[in-house]
Amino acid sequence: MRYGETGFNLEIDLSRGNIERVESDPKLTELHLGGLGTNAKILWDRVPPETDPFSPDNLLIFGTGLLCGTPAPGANRTILTTYSPQTLLMAYSMMGGFWAPELKYAGYDKVILRGKSPNLVYIWIHNDKVEIRDASHLHGKGAVETQELIRQELKEPNAQVAAIGLAGENRVYTASIEQGRSSASRLGIGAVMGDKGVKAIAVRGTRDINLARPAEFFDLCGDVLKYIKFRNENPVPNVMTILQGLGSPQEMLHVDEKWHTENFSWGNSRARRKEFWTKEVEDKWKETQLTARKRLISCYNCPMKCGAIIALPGMSTYMMKCFTKLTYTMAAFVDSLDFGFRIAQRATEYGVDGFSTPQIMAFAFELKEAGILTDEDFAGCPSDNEGRFYWLLDRIVRREGIGDVLANGTHWAAQQIGKGAEAYAHNNIKKHEQLPLKLGMLNPVYFLMYATGEKINITQIEGQFPQSPFATMEEREDFIKDWIQVPDEKFKQIVLDWEMRGERSNPYYPTPEMSCDIVDWQEKMHYIDDALGVCAGLSSFPLKPPYHIHNYPHFISAATGMDIDEAGLTQVYKRNRNMVRSINVRRGLRRADEVPPEDHWKKRFPELEAKLLDEYYKFKGWDNQGIPTKEALQELDLGYVAEDLEQRGIIKNEQD
Ligand code: SF4
């Protein structure tokens, strides 16, 4: 009997219309856990590095985390893995909501799509019954609308449906997959789903998941729930509001947006508006948010309520996620939050990433102002800030006119447009748009996380270590006194010694060695979450979360029966980290790609930055191009990966 997981994957060949239920190898669970770990292993084994993201040979893997469907609070993530059309590297985006637990209750750990359907289809998974169904009547339908239409058609109000909108159908590189109260938005996952001709996957499952030691597991879950209650009642003091608690930054709960609106950049990640948050704006925005927000909602089995149902006159209801309420508003230079809620509704139905898409539009209007794009490119475009954003969004998702160029993201659009447009695509890492955040002094920890992160999304890398030093020794001592999440006491000393100014301040403190240690810890937690399917909002993202390196091994053991401790779990993390790195190295990733946006910090330190990268690569057991060494891979039972890299001349030639 398999515990924690179902032990079966669903393999669907869309070109042939073939569906198979395939037993997975339990050894792979021991080596990689599930979710991201086993997804990466499958991608490595089965998709050659030469494969184009839009080739029928590319896979699109919907992988549930190992703990999804168990009673572990917040274990609801689906990890989607493929080759990204935007970065050309491995994409792993994830969605919360309800889909992953439902898939496990239907009897599967993963759905693996290969090939391409000649016609638009959707997939219906109902326990043992799996069908590929015609979706021609859903062409052009919204991603949220599609979910409801499919539920009605199937007469299954409890089916969980992951769907793409028009953007995915048209292979827009920022296309998302939307599901209930969440979405997988980054890296063009929805474009690959659209390319495969799949409009949606609907799931209904009614089976149980076996737990190896249920009583122990329930006790552990009880402890997590107790901690969540405690933390909600006792926010972390002396840090900004969004870092005080748990979950996502609680954008639907908080109405005070002074910090974001005055510190994040407006337009094409250019302008700071230091005096924006006046009393008048605060009152108006508060009223708008409280009117639009019908109720706060959670993902499966989580008390945190990070999302909200949004409804405004004249538009259909949708779920607002996290930071999207500000991204369109700020990119468009619009002072009204009402605009943010309304355009986000349209964008959610189209199914696009709410971080990249507004930046692409702001980039386009900057190119117009600079005379690089012309009036002809914008023929028929309204002149007001709100109108022109709606106009361009419609064109991007339809790939009409200039929208067709912009649909590939700022990096590729700039290359195609030329005439100096590259300089305006100034907020990318590895060809992908980042948070519109521009800062003063280089922070060495963040430099490393930005440069080397394989998820290519800063909000998914940071976490349990503070973002900046505390002002006073009292605050530092107060912070570390109940910091049970630290893997080692040495991190407390770094917090005690870290100053805002002077010798022990950014950029030279934390030192490169300390910075590598800190980044490794943050990465470790994210990689474990992504293998277990636990929401980062309860683990790797907040400063003091209920899940951490000390209690995770108990969860895994009690769920699966596997004998695993902190050292063993760390080894799995390193294996998964090196597997992801090797996939990307085989796709061509090198040191030259690991560059944060030039203007992310005003003050840059080229020598220090080079040293940071050198130290980080050394810390990881990689060479100075960021390529894992043969020895490092062999120690992680990845000798076959080393052999492959050697045969391709990547290890031998370059490391010599
Ligand atoms: S913490 Fe928030 S985003 Fe995470 S599972 Fe809970 S409700 Fe969803």
Side-chain angles (χ1 to χ4, degrees), residues 35-36 63-80 93-104 160 162 176-186 221-233 235-236 241-254 293-310 318-325 344 348 353-355 455 457 459-464 485 525-526 528-548 551-552 555:
L36 169 65
T64 64
L66 185 57
L67 294 183
C68 289
T70 72
N76 51 46
R77 259 48 193 167
T78 309
I79 290 83
L80 286 115
S93 190
M94 52 197 74
M95 59 187 183
F98 292 72
W99 198 89
E102 199 72 35
L103 184 71
K104 285 184 85 168
Q160 298 300 329
S176 61
I177 300 173
E178 302 285 329
Q179 194 275 305
R181 298 160 186 212
S182 191
S183 69
S185 297
R186 305 288 278 166
C221 295
D223 291 344
V224 161
L225 288 172
K226 256 186 254 158
Y227 184 93
I228 292 173
K229 187 167 182 294
F230 164 80
R231 185 52 64 207
N232 285 343
E233 289 166 359
V236 178
T241 322
I242 59 167
L243 298 178
Q244 289 177 348
L246 301 172
S248 75
Q250 299 294 320
E251 284 295 308
M252 292 301 103
L253 181 67
H254 299 307
R293 191 181 78 193
K294 296 309 163 202
R295 70 188 163 90
L296 295 170
I297 50 173
S298 281
C299 305
Y300 175 82
N301 192 23
C302 179
M304 284 311 299
K305 295 187 181 164
C306 298
I309 301 282
I310 300 293
Y318 73 108
M319 200 286 293
M320 166 60 83
K321 302 167 291 246
C322 197
F323 191 57
T324 314
K325 88 177 188 196
T348 305
D353 173 13
F355 273 34
K455 206 183 282 186
N457 185 355
T459 57
Q460 301 292 335
I461 306 167
E462 61 194 346
Q464 296 179 6
Q485 292 79 4
M525 296 319 302
H526 280 280
I528 296 170
D529 289 349
D530 298 347
L532 299 180
V534 173
C535 172
L538 295 179
S539 174
S540 47
F541 186 68
L543 286 165
K544 294 186 177 177
Y547 291 107
H548 43 77
N551 62 4
Y552 257 155
F555 273 93

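Given the structure is predicted, the values throughout are model-derived calculations rather than measurements. Remember, it's 1-based here, ligands and their atoms both numbered in the order they're listed.
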Which of the atoms of ligand 1 are close to Cys302, meaning less than 4.0 Å from one of its heavy atoms?
1 (S), 5 (S), 6 (Fe), 7 (S)
For ligand 1, is any non-hydrogen atom under 4.0 Å from Arg77's backbone (N, CA, C, O), its side chain (CB onward), both, or neither?
side chain
Per-atom contacts, ligand 1 versus Gly247 - under 4.0 Å to a heavy atom:
1 (S)
Side-chain heavy atoms of Asn301 within contact of Pro101, under 4.5 Å:
no
With respect to atom 4 (Fe) of ligand 1, please indicate if Cys306 possesses an N, O or S atom at a distance under 2.8 Å.
no
Identity and separation of the nearest protein heavy atom to atom 7 (S) of ligand 1:
Cys299 N, 3.5 Å
Mind checking whether Leu243 and Val236 have side chains closer than 4.5 Å, heavy atoms only?
no
How far apart are the closest heavy atoms of Gly97 and Cys299, and which atoms are they?
N-SG, 3.4 Å
If we only count heavy atoms from C-beta on, is the Ile177 to Gln179 side-chain gap below 4.5 Å?
no
Suppose I only count heavy atoms of Cys535 and a 4.0 Å limit; which atoms of ligand 1 are within that range?
1 (S), 3 (S), 4 (Fe), 5 (S)
Test of understanding: given a 4.0 Å heavy-atom threshold, classify the contact between Leu246 and ligand 1 as side chain, backbone, both, or neither.
neither
Taking atom NZ as the centre, does Lys229 end up with more than 12 heavy-atom neighbours from other residues, nucleotides or ligands that are less than 6.0 angstrom away?
no
Ser93 side chain to Leu80 main-chain N or O, any donor-acceptor pair under 3.5 Å?
no
